[in-house]
Enquirer: 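Dropping a structure here in structure tokens format, bear with me for questions.
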Amino acid sequence: MTILIEWLKLIGLLLTTDGEGLGIITSNVTVKKPEAETLKVREMTVPRSFPLERIRNIGIIAHIDAGKTTVTERILYYTGRTYKIGDVDEGTAVMDWMEQEKERGITITAAATTCYWQDHHINIIDTPGHVDFTAEVERSLRVLDGGVVVFDAVAGVEAQSETVWRQADRYQVPRICFINKMDRIGANFNRSLSMIKERLNANPLPIQLPLGIEASHEGVIDLIEDKVWRFSDKLDSEPTAAAIPESDQARYTELRQELIEKLAEIDDHIMAAYLEGSSITAAELRAALRRVTLANKGVPILCGSALRNKGIQPLLDAIVSYLPSPLDMPPVKAINTRAGTEVLYPAKDDSPFTALAFKVVSDPFMGRLVYLRVYSGRVKAGAQVFNSTRGKRERLGRLLSMHANHREEVTKADTGAIVATLGLKNTFTGDTLCPPSQPILLEAIRFPEPVLSIAIEPKTRADQDKMDGALQKLSEEDPTFKVNYNQETGQTIISGMGELHLEVILNRLLSEFKVGAKAGNPRVAYKEAITTPVEAEGRFVRQTGGHGQYGHVYLKLEPMERGSGFQFIEKIKGGTIPKQYIPAVKTGIKEAMETGVLAGYPVVDVKATMYDGSYHEVDSSEIAFRMAGSMALKDGVRKAKPILLEPIMRLEVVLPEQFLGEVIGDLSSRRGHIEAIETYEGMRAVHVFVPLAETFGYTTSLRSSTQGRATHSMEFYQYQKLPDELADQIKTTIRE
């Protein structure tokens, strides 16, 4: 045993759990020392612990096929985290570890990993690009401090790029951009910049220029350092620095001056130096870019080709230089659940422990894993914590640092850490964990509602119990996947974000959980809504001898804007209904809204005001008032001219110009509403709103009508009124 320990010490791989937590025994592990004028290649310096200012929590986000996972694989390789580059097309990518991801060549679930660069600890989450898995991006951005947005140099800003950008805007996540695939035919750096500015309403600040494009792409021109970085096609060759060629010198000078002028407009330090006519150093530019990025006033733009191993090391330098540490982020806001007041917890190890559960995974070997982001304080494995969202005490089991589906055990989690833990049986996505003595509540994560449903049934009686357990685990993992049981038909209904989402769920049931199941045809998740304000009465009276039931309420129902949800207001005066019965009325209303009066679909966007009622001193109960609230809601909806709503999708189709007429004709036949048509380099991008019900089978139709040369992406837009004739058909079908 002693010999083994000494051998592990020699190669620097032995892990220790001394007072500083898990780490490498040697304070520095240097794989390879770079020469003076080269960038670091496969050098990994790993101190045992990192100060907060040297931690980066980032996400790699983009449209599908922009190259997120390829970028992540190169980052892991060049930081020394892995010793072989995985390939998405071959199914060997480290971050795409699920069988479904390997088979389809796409990212389905967000995967976390850790690497080290320039004595910085970088936590990375590689997110999906397909709109059906947008929840993975949503919860990742909620807990990350910074983001790397990857764009395809040929396609530029695509539909899902806009979606993830808006998500990052909502959480005020500082970003840098990497324009990938500069070696592809049709790559256009300037057009990508224009699209970032126009489509995303951003302020792009290019700090690099491509040195050659398409087949001649060989490196980048560094506007900050006044040099060129050339990259060889050989994997482990070191990028070399050189002087900027004479042919590019004028372009470099012009664009560097533009960069300085843009920074002067939004940064006081650069403005002062610019007005004084002082020369601005590279260090001053980097400091200004960091300030601007952290304030979300500008976005540094880099470029390269991840597949050809070009531009990755400068990207890592930019992550370290421009993206925030936990210390750069505002103190996390929370609600003290006892006092009802807002409190601020700064990112410090000696602050009270505060963490958000942002992901739940059913690991076939480890069991139920819960991913945590620690915002303040620190916690040790085995500690007792309080789930303030559920009001339950929990005990942390083992703490794990994740590398995709591989695990490394740690003894504690400090401020800024992203870890997984075992043992949390009652903790779900969006729950807050804190000390039992200081209960607080962080802002939860909001997810879109499912828009597509299918009926599913087990093939045999033995599959029934297996299917119920598997569906429960899958719904815990994915907040946008819902499971309901229809009492009238006896069917199990599963709902998700699209055809691909449900297809992946079904395949996981068959292959991962070994459940034999059959699925029906997809069904659109329609909703019901009211159109006029009404007043309604709910009166529940039962007398069966002895103690009876009595509940009586008056409601005013009003329609709200689409997407507003449900609002309950209590305006009882004079104590006509005791306070203890009011929550029961609200519960009854919400239960009744789950099944509408037209076709049994959920009722949405309703404001319910309870303004009067009565009670009986002996017979009144919570059950009676819950039933009264339910009856009032049903009665009011019937009188409020209810309508059916259908989900509308925003569709973008990119195709050669020669197929434009046929594609537009097909979209019109699907009740599509053309929003805009863009033209660039012989291609057309058609932006259209189309009902979800009309999109089934569209992928096959589009391929056949364009000889497989068109691509499309789709995302949920909003619910809109279903035309009357189609609503009548649905109501007739439901009655039959």
Side-chain angles (χ1 to χ4, degrees), residues 56 58-62 66 71 145-153 156-157 161-162 164-165 168-169 172-180 182 187-211 219-229 244 248 251-275 278-304 311-324 328:
R56 300 289 183 270
I58 67 165
I60 312 292
I61 57 178
V71 168
D145 299 328
V148 177
V149 189
V150 181
F151 296 99
D152 185 328
V157 176
S161 305
E162 295 185 58
V164 298
W165 194 273
D169 279 342
Q172 296 183 333
V173 176
R175 280 144 276 174
I176 61 176
C177 297
F178 182 72
I179 300 179
N180 191 27
M182 288 305 308
N188 191 320
F189 182 76
N190 291 331
R191 185 172 64 83
S192 297
L193 286 180
S194 298
M195 294 178 77
I196 290 171
K197 183 176 181 179
E198 294 166 8
R199 281 202 183 186
L200 306 179
N201 196 27
N203 182 21
L205 302 170
I207 60 174
Q208 291 178 353
L209 300 174
L211 184 65
V220 297
I221 300 172
D222 192 329
L223 296 182
I224 307 295
E225 296 289 347
D226 187 17
K227 64 178 67 170
V228 161
W229 289 108
I244 297 173
D248 292 304
R251 184 168 65 126
Y252 160 78
T253 303
E254 177 188 351
L255 292 177
R256 191 177 194 275
Q257 185 63 25
E258 280 185 19
L259 174 63
I260 292 172
E261 290 173 0
K262 280 186 175 182
L263 285 172
E265 293 174 4
I266 50 181
D267 185 81
D268 292 340
H269 293 77
I270 299 296
M271 170 64 80
Y274 182 74
L275 293 176
S278 306
S279 62
I280 299 171
T281 65
E284 289 174 323
L285 279 178
R286 278 195 296 270
L289 281 164
R290 181 172 181 81
R291 289 191 296 269
V292 166
T293 305
L294 297 187
N296 278 310
K297 294 180 179 178
V299 187
I301 309 291
L302 300 92
C303 60
I312 301 302
Q313 296 91 338
L315 175 62
L316 280 161
D317 289 341
I319 289 170
V320 166
S321 298
Y322 308 127
L323 291 182
D328 296 312

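Just so you know, these numbers use all the heavy atoms, side chains as well, and skip hydrogens, waters and symmetry mates.
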Enquirer: How many angstroms lie between atom SG of C177 and atom CZ of F151, to the nearest 0.5 angstrom?
Expert: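 Those atoms lie 4.5 Å apart.
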
Enquirer: To the closest 0.5 Å, what do you measure between OG (S321) and CG (L285)?
Expert: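 Here the interatomic distance stands at 12.0 Å.
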
Enquirer: Which heavy atom of A153 sits nearest a heavy atom of M182, and at what distance?
Expert: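 A153 and M182 have their closest heavy atoms at CB-SD, 3.5 Å.
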
Enquirer: On a heavy-atom basis, which atom in G146 and which in P324 lie closest, and how many Å separate them?
Expert: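 Closest heavy-atom pair between G146 and P324: CA-CD, 4.2 Å.
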
Enquirer: Taking atom CD of Q172 as the centre, does the number of heavy atoms from other residues, nucleotides or ligands within less than 6.0 Å exceed 12?
Expert: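 Not more than 12 within 6.0 Å, no.
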
Enquirer: If you count every heavy atom of other residues, nucleotides or ligands that lies below 6.0 Å from K297 atom NZ, does the total exceed 12?
Expert: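 No, because the 6.0 Å sphere around NZ of K297 holds 12 heavy atoms or fewer from other groups.
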
Enquirer: For the side chain of R175 and the backbone of G147, is there at least one donor-acceptor N/O pair under 3.5 Å apart?
Expert: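 Not a single qualifying donor-acceptor pair exists.
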
Enquirer: Would you call L315 and I176 a side-chain contact if the rule is heavy atoms closer than 4.5 Å?
Expert: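 A side-chain contact exists here, since the closest heavy-atom pair is under 4.5 Å.
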
Enquirer: Between W165 and V157, is there a side-chain heavy-atom distance shorter than 4.5 Å?
Expert: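 The answer is no, as the side chains (C-beta and beyond) never meet within the 4.5 Å cut-off.
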
Enquirer: Could you pull out all residues at least two apart from T281 that satisfy side-chain hydrogen bond (donor to acceptor under 3.5 Å, both in side chains)?
Expert: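 Only E284 meet the side-chain hydrogen bond (donor to acceptor under 3.5 Å, both in side chains) criterion with T281.
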
Enquirer: Is any side-chain heavy atom of P206 closer than 4.5 Å to a side-chain heavy atom of L193?
Expert: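 Of all side-chain heavy-atom pairs linking L193 with P206, at least one is under 4.5 Å.
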
Enquirer: Is there a side-chain contact between D169 and N201 in this structure, where contact means two heavy atoms from C-beta onward sitting under 4.5 Å apart?
Expert: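 Answer no - side chains too far apart.
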
Enquirer: Calculate, to the nearest 0.5 Å, the distance between atoms CG and CG belonging to D152 and N188 respectively.
Expert: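 The distance works out to 11.5 Å.
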
Enquirer: side-chain hydrogen bond (donor to acceptor under 3.5 Å, both in side chains) with N296: which residues, sequence neighbours excluded?
Expert: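 N296 satisfies side-chain hydrogen bond (donor to acceptor under 3.5 Å, both in side chains) with no other residue.
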
Enquirer: Any chance you could measure R256, atom CZ, to I244, atom CD1, to the nearest 0.5 Å?
Expert: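 Interatomic distance, R256 CZ to I244 CD1, rounded to 0.5 Å: 9.0 Å.
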
Enquirer: Is a side-chain donor or acceptor of R56 paired with a backbone partner of L323 at a separation under 3.5 angstrom?
Expert: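 Yes; judged by distance alone, with no hydrogens or angles, the pair exists.
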
Enquirer: Looking only at heavy atoms, which two atoms of G156 and M195 are closest? And how far apart?
Expert: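 In this case the closest contact between G156 and M195 is CA-SD, 3.9 Å.
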
Enquirer: Between R191 and E198, does at least one N-O distance fall below 4.0 Å, as a salt bridge requires?
Expert: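 Salt bridge flag = no for E198 with R191.
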
Enquirer: Check A66 against V150 and note the closest heavy-atom contact, atom names and distance.
Expert: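 So the minimum-distance heavy-atom pair works out to O-CG1, 3.5 Å.
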
Enquirer: May I ask you to decide if V292's main-chain N or O and D267's side chain share a donor-acceptor pair within less than 3.5 Å?
Expert: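 Between the backbone of V292 and the side chain of D267 there is no qualifying donor-acceptor contact (under 3.5 Å).
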
Enquirer: Quick check: do L200 and E162 have side-chain heavy atoms less than 4.5 Å from each other?
Expert: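 Yes; the side chains approach each other to less than 4.5 Å.
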
Enquirer: Do T293 and L205 make a side-chain contact, defined as non-hydrogen atoms from C-beta onward lying under 4.5 Å apart?
Expert: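 Side chain of T293 against side chain of L205, heavy atoms only: no contact under 4.5 Å found.
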
Enquirer: Might you work through the side-chain contact (heavy atoms from CB on, under 4.5 Å) test for L211 and W229, ending with a clear yes or no?
Expert: CA-CA 9 Å; L211 184 65; W229 289 108; over 6 Å; no

Enquirer: For the CG atom of L263 and the CG atom of L289, what is their distance to the nearest 0.5 Å?
Expert: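 It is 5.0 Å, given to the nearest 0.5 Å.
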
Enquirer: Can you find a heavy atom in the side chain of R290 that is under 4.5 Å from one in the side chain of D328?
Expert: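 The answer is yes; the side chains approach within 4.5 Å.
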
Enquirer: Minimum heavy-atom separation for L302 to A318, with atom names?
Expert: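 Looking at all heavy atoms of both residues, the closest pair is CD2-CB, 3.8 Å.
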
Enquirer: Do you know which two heavy atoms are closest between C303 and V220, and how far apart they sit?
Expert: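 Heavy-atom minimum between the residues: O-CG1, 3.5 Å.
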
Enquirer: side-chain contact (heavy atoms from CB on, under 4.5 Å) with V149: which of V173, I61, I179?
Expert: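 Between V149 and the candidates, side-chain contact (heavy atoms from CB on, under 4.5 Å) is satisfied uniquely by I61.
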
Enquirer: State, with a plain yes or no, whether a side-chain heavy atom of F189 is found less than 4.5 Å away from one of P210.
Expert: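 A side-chain contact exists here, since the closest heavy-atom pair is under 4.5 Å.
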
Enquirer: I224 vs L259, test: side-chain contact (heavy atoms from CB on, under 4.5 Å). Steps then yes/no.
Expert: CA-CA 9 Å; I224 307 295; L259 174 63; 3.9 Å; yes

Enquirer: I221 and R251: side-chain contact (heavy atoms from CB on, under 4.5 Å), yes or no, with the steps?
Expert: CA-CA 10 Å; I221 300 172; R251 184 168 65 126; 3.8 Å; yes

Enquirer: Report the distance from atom CZ of R286 to atom CG of D317, rounding to the nearest 0.5 Å.
Expert: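 Between atom CZ of R286 and atom CG of D317 there are 9.0 Å.
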
Enquirer: D222: what forms a side-chain hydrogen bond (donor to acceptor under 3.5 Å, both in side chains) with it, not counting sequence neighbours?
Expert: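 Result, side-chain hydrogen bond (donor to acceptor under 3.5 Å, both in side chains) vs D222: none returned.
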
Enquirer: Begin from the C-alpha positions of I196 and V299 and carry the test side-chain contact (heavy atoms from CB on, under 4.5 Å) through to its verdict.
Expert: CA-CA 10 Å; I196 290 171; V299 187; 5.9 Å; no

